[in-house]
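Working notes, beginning with the structure itself.
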Amino acid sequence: MSDAVTPFQAPIGTHDVLGAPSAEWEGLIATFAQYAYRFGFELVITPMFEDVGVFNRGIGEQSEMATKEMYVFTDRGNRTHALRPEGTAPVVRAFIQHSPTTPWKAWYFTPAFRYERPQKGRYRQHHQFGVEVLGTDDPAVDVEVIALAHRFYEAIGLTRFRLLINSMGDALCRAAYVELLRAHLAANVERLTDEHKNTWSRNPLRVLDCKVPDDQPYIDKLPSILDHLDDACREHFASVRSHLDARGIAYEVRPRMVRGLDYYMRTTFEITHGGLGAQNSVLGGGRYDGLAEAIGSKVPAPGIGFSIGEDRLVMILEESNPDRFKPAVDVFLAPMGQAAEEHAGELAAELRSQGFSVERSADRKLKRALEVANKTGARYTLILGDDEVSTGTYSLKDMASGEQVKLKRSELGARIKPN
RNA sequence: GUGGGCGUAGCUCAGUUGGUUAGAGCGCCAGGUUGUGGUCCUGGAGGUCGCGGGUUCGAUCCCCGUCGCUCACCCCA
């Protein structure tokens, strides 16, 4: 759009949030903050951009995200920065910089930027909230983190979600497995689709989560990473599973689940939900022992975390339960006349200080005021005419039932409660 | 980066095999009700038919380009 008279729009792959979805955003963030607090996490806020090295070294220089999806720019001091494409690496960088006592448990909410073609559930600026725990490799912590995610999804009333888990092994046994996989693929290269002919040697793991139906029988026969874990990794995974079982958290083991970032080790998990088209993942996470060292930590600092796609979550809730976080006005004030309007301002202040959500009409016809009250979804409308003000008696109308009573100001508190 | 679909009122969409004043529903505003909403009735506002160019006597419709939206691949939240 180069035409000067064309109105501006939000950039490609970004969107404004207002109306019902914005109420859901607020509700989701508040709910997540509450559960993160209950699980002992503190809020961490890191810059929206970092030295590009934080991401190159963190998520892997060869990864798609680093090579072609980052918003990289040079500032006026010739420093090369990148808008954060994901949430974990910056938190790990902050951990290294400040050395908080471990285990350090932090949660965050942040936009993330990736230069990709937008589609359903995928944006150039999307928003994630998530947690990280640094300084321990205890499998019980893995399960604490998964349990928080699980509890959160229950709390917001999301049903029909599936928790998928896997183990990616560690640097040693995974490397051995990848070579084994590469050998298998090399021996059968003619059976691969064109697409995989290009990827198998570069990143053999990618072939595992291929979606082409015709390839499935062949891929099913490839060796499973779970059969090639070393003793320590096998024990770790077994421990994670038994902790999950003990807590009654349902999960599915998916040995072919491959996560996109290079730093994942051992435990990986994902929560998926139908109704998101091809992008069905609403949460992704895993353990990333070694990431801190990759970014520059002098001491080993194993870690685990997850991030939730806020935009995708809102999309699901919009379809399944759009009124979940609908804000409710407790009292709508409908003043008529000069004296009543001034009185309404004073009364609104008092009710708000008591915790009520109060909306008020300007001085206008009562019919019109009630129409507006109805649209705001107010539970009660308080009718204030000059006669009500002079006698100190209000008319309180219950908007759902239509029932209307007269009462004195002092009786108001006993009649209605904040939502 | 690649491929498919789509751009007509605030929203969801009709429509014209190219013809003069472009429609509906919802929403919005006003009236029917002098102080009573959610139902109903009546009326009204609101559109350079994404933008630019071409073909034509004539384009919202056909052609080309462009911008945008959308879905999928890739990748991922």
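What you see is a predicted model; the values in this text were computed from it and never measured. Proteins come first, then strands; the chains are lettered A, B, ... in the order of their sequence lines, and each starts at number 1.
Between A:Arg256 and A:Asp220 there is a salt bridge, with a side-chain nitrogen of the basic residue lying less than 4.0 Å from a carboxylate oxygen of the acidic one. The pair A:Arg360-A:Glu341 counts as a salt bridge, with a side-chain nitrogen and a carboxylate oxygen less than 4.0 angstrom apart. Using a 4.0 Å cut-off between charged nitrogen and carboxylate oxygen, A:Glu116 and A:Arg124 do not count as a salt-bridge pair. The pair A:Arg117-A:Glu69 fails the salt-bridge criterion, with no side-chain N (NZ, NE, NH1 or NH2) lying under 4.0 Å from an Asp/Glu carboxylate O. Between A:Glu371 and A:Arg368 there is a salt bridge, since at least one side-chain N of the basic residue sits less than 4.0 Å from a carboxylate O of the acidic one.
The separation between A:Lys68 atom NZ and B:U2 atom P is 11 Å, rounded to whole Å. Atom pair A:Leu370:CG and B:U34:P shows a separation of 13 Å (rounding to whole Å applied). Residue A:Gln9 contributes atom CD, which lies 13 Å from atom P of B:C51 at whole-angstrom precision. Atom NZ in A:Lys367 sits roughly 12 Å away from atom C1' in B:C29 (whole-Å rounding). In this structure, the OH atom of A:Tyr123 is 16 Å from the C1' atom of B:G68, given to the nearest Å. Distance CD1 (A:Ile12) to C1' (B:G68): 7 Å, rounded to an integer number of Å. A:Leu333 places its CG atom 19 Å from the P atom of B:G35, with the value rounded to the nearest Å. Regarding A:Ile59, its CD1 atom lies at a distance of 15 Å from the P atom of B:C75, rounded to whole Å.
In the set B:G68, B:C75, B:C76, B:C76 carries the atom at the smallest distance from any side-chain atom of A:Leu261. Closest approach to the A:Arg122 side chain among B:U36, B:C75, B:C69 is made by B:C75 (side chain taken as heavy atoms from C-beta onward). Across B:G38, B:U36, B:G35, the shortest atom-to-atom separation from the side chain of A:Lys397 is found for B:U36. Counting only heavy atoms from C-beta on, A:Lys120 has its side chain closest to B:C71 among B:G37, B:G35, B:C71.
Put simply, the side chain of A:Asn374 and the base of B:G38 share no donor and acceptor less than 3.5 Å apart. Between the side chain of A:Glu69 and the base of B:G1 there is no donor-acceptor pair of N/O atoms closer than 3.5 Å. For A:Arg368 against B:C29, no side-chain N or O and base N or O form a donor-acceptor pair under 3.5 Å. For A:Arg206 and B:C75, a side-chain-to-base donor-acceptor distance below 3.5 Å is absent, hydrogens and geometry of angles not being considered. The base of B:A77 sits with one of its N or O atoms less than 3.5 Å from a complementary donor or acceptor on the side chain of A:Arg114.
Nucleic acid contact for A:Ile383: base, since at least one base atom lies under 4.0 Å from a heavy atom of the residue. As judged by a 4.0 angstrom heavy-atom cut-off over every strand, A:Gly87 is placed among residues making no nucleic acid contact. Across all strands, A:Glu270 comes closer than 4.0 Å to no nucleic acid atom at all (heavy-atom distances). Nucleic acid contact for A:Glu116: base, since at least one base atom lies under 4.0 Å from a heavy atom of the residue. At a threshold of 4.0 angstrom between heavy atoms, the contacts of A:Ala400 include nucleobase atoms, whether or not backbone atoms are also involved. Residue-level contact check: A:Glu86 touches neither bases nor backbone, having no heavy atom under 4.0 Å from any strand. A:Arg117 comes within contact range of at least one nucleobase, with a heavy-atom separation under 4.0 Å. Counting any heavy atom pair closer than 4.0 Å across all strands shown, A:Gly121 reaches a base atom.
Using a 3.5 Å distance cut-off with no hydrogens or angles, the side chains of A:Arg93 and A:Thr46 do not pair a donor with an acceptor.
Residue A:Lys365 places no side-chain N or O under 4.0 Å from the OP1 or OP2 atom of B:A30. Residue A:Gln119 places none of its side-chain N or O atoms closer than 4.0 Å to OP1 or OP2 of B:U70. Applying the 4.0 Å criterion to OP1 and OP2 of B:A77, one finds that A:Arg259 has a side-chain N or O inside that range. The shortest distance between the side-chain N/O atoms of A:Lys375 and the OP1/OP2 oxygens of B:C28 is below 4.0 Å.
To the nearest whole angstrom, the two P atoms, one in B:G31 and one in B:U70, are 40 Å apart. Here, B:U33 and B:A22 have their P atoms 36 Å apart, quoted to the whole Å. The separation of B:C49 from B:U60, taken at their P atoms, amounts to 6 Å, rounded to a whole angstrom. Rounded to a whole angstrom, the distance from the P atom of B:G50 to that of B:C69 is 16 Å. B:A59 and B:G54 have their P atoms separated by 11 Å, with the value rounded to a whole Å. When the P atom is used for both B:G27 and B:U66, the distance is 41 Å, rounded to whole Å. With C1' as the reference atom, B:U8 and B:U56 are 22 Å apart, rounded to whole Å. Distance noted for atom C1' between B:U39 and B:G46: 26 Å (whole Å).
Under the stacking criterion of a centre-to-centre distance below 5.5 angstrom and an interplanar angle below 30°, A:His126 sits stacked against the six-membered ring of B:A77.
A cation-pi geometry, defined here as NZ or CZ lying under 6.0 Å from the six-membered ring centre and within 45° of its normal, holds between A:Arg38 and A:Tyr35.
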Could you pull out all donor-acceptor pairs under 3.5 Å where a side-chain atom in residues 263-273 of chain A meets a protein atom, sequence neighbours excluded?
unit_1, atom_1, unit_2, atom_2, d
A:Tyr263, OH, A:Glu86, OE1, 2.6
A:Tyr263, OH, A:Thr88, OG1, 3.4
A:Tyr264, OH, A:Arg259, NH1, 3.3
A:Arg266, NH1, A:His236, ND1, 3.4
A:Thr267, OG1, A:Asp142, OD2, 2.6
A:Thr268, OG1, A:Asn166, O, 3.4
A:Glu270, OE1, A:Arg259, NE, 3.3
A:His273, NE2, A:Thr159, O, 3.0

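When both pairing distances are held under 3.5 Å, B:G44 makes a Watson-Crick or G-U pair with B:C28. Pair assignment for B:A77 gives none, since no Watson-Crick or G-U wobble pairing has each distance under 3.5 Å. With a 3.5 Å ceiling on both atom-pair distances, the Watson-Crick or G-U wobble partner of B:A72 is B:U2. In this structure, B:U21 makes no Watson-Crick or G-U wobble pair, since no nucleotide meets both defining distances under 3.5 angstrom. Using Watson-Crick or G-U wobble geometry with both donor-acceptor distances under 3.5 Å, B:U66 finds its partner in B:G50.
A donor-acceptor pair is defined here as one N or O able to donate and one able to accept, closer than 3.5 Å; such a pair exists between the side chain of A:Asp289 and the backbone of A:Gly303.
Mapping A:Gly309 and A:Asp387 onto RNA chain B by nearest heavy atom places A:Asp387 closer to the 5' end of the strand. Take the nearest nucleotide of RNA chain B for A:Pro11 and for A:Ile308: the residue whose nucleotide is more 5' is A:Pro11.
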